Amino acid sequence: MSANGRAPYLEAAEGGRLLLSHELTFATVADVLAESQQAFSDHASITIDMSAVTEADSAGLALLIEWLSWARLTSRQVRFENVPEQLLQIADISEVAELIGTD
């Protein structure tokens with residue numbers, strides 16, 4: 001549990017893998033971003049498994065794009081796995097699907 005009594009959004013797995021869980025929405029992205037700064041600092045290459053994300057909206061997509069920008073600026077790599085269908089649809093409509101590794 002985190003200091004605020006809830007489970008963390010990002011849980012470390014082996015080899016620079018992170019499991020992202022809970023909602024990825026306007027209400028949560030600021031907390032997820034803050035949590036990610038520490039989680040990302042330890043790895044040059046990061047894979048984010050999104051299979052446990054329960055809900056996502058356009059703020060979630062903006063966060064993924066922010067992580068990609070951060071990775072580029074810090075010479076790191078970020079890869080996304082199991083992106084929720086909601087985010088894939090928003091990315092497709094926004095014409096940014098190629099940025100998050102989808103077609």
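The residues of the chain are indexed from 1 along the displayed sequence. This structure is a prediction, so every number in the text was calculated from the model and none was measured.
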To the nearest 0.5 Å, what is the distance between CZ (Phe26) and OG (Ser58)? 3.5 Å
For Leu20, which of Val32, Leu63, Asp49 qualifies under side chain to side chain contact (heavy atoms under 4.5 Å, CB included)? Val32
Spatial distance of atom CD (Gln89) from atom CG (Leu61) [nearest 0.5 Å]: 12.0 Å
Under a 4.5 Å cut-off applied to non-hydrogen side-chain atoms, are Val78 and Ile48 in contact? yes
d(Leu88 CG, Ile93 CD1) to nearest 0.5 Å is 11.0 Å
Taking side chain as C-beta onward, heavy atoms only, is Leu18 less than 4.5 Å from Thr47? no
Counting N and O atoms only, with roles assigned by atom type, does the side chain of Gln86 sit under 3.5 Å from a partner on the main chain of Ala56, one being a donor and the other an acceptor? yes
Val53 side chain reached by Ser21 side chain, heavy atoms, under 4.5 Å: no
Ignoring hydrogens, what is the shortest heavy-atom contact between Leu87 and Gly60? Give both atom names and the distance. CD2-C, 3.9 Å
If you measure from CG on Asp31 to CG on Leu24, what distance do you get to the nearest 0.5 Å? 11.5 Å
In the structure I gave you, are the side-chain heavy atoms of Ser51 and Glu81 within less than 4.5 Å of one another anywhere? no
Polar side-chain atom of Ser94 near backbone of Ala91 as donor-acceptor pair, under 3.5 Å: no
Around Gln77, counting heavy atoms of other residues, nucleotides and ligands shown, do more than 12 lie under 6.0 Å from its CD? no
Spell out, as yes or no, whether a donor-acceptor pair under 3.5 Å connects the side chain of Arg76 to the backbone of Trp70. no
Given side-chain contact (heavy atoms from CB on, under 4.5 Å), test His22 with Glu55 step by step and report yes or no. CA-CA 7 Å; His22 309 299; Glu55 184 179 345; over 6 Å; no
Pair listing, salt bridge (Lys or Arg N to Asp or Glu O under 4.0 Å) test, anchored in residues 19-28, at least two apart: none
Side chains of Leu68 and Phe80, heavy atoms from C-beta outward: is any pair under 4.5 Å? yes
Within the supplied structure, the quantity of interest is the number of heavy atoms (other residues, nucleotides, ligands) at a distance under 6.0 Å from Glu95 CD; does it exceed 12? no
Correct closest heavy-atom pair for Ala52 and Leu19 would be CB-CD1, 4.1 Å
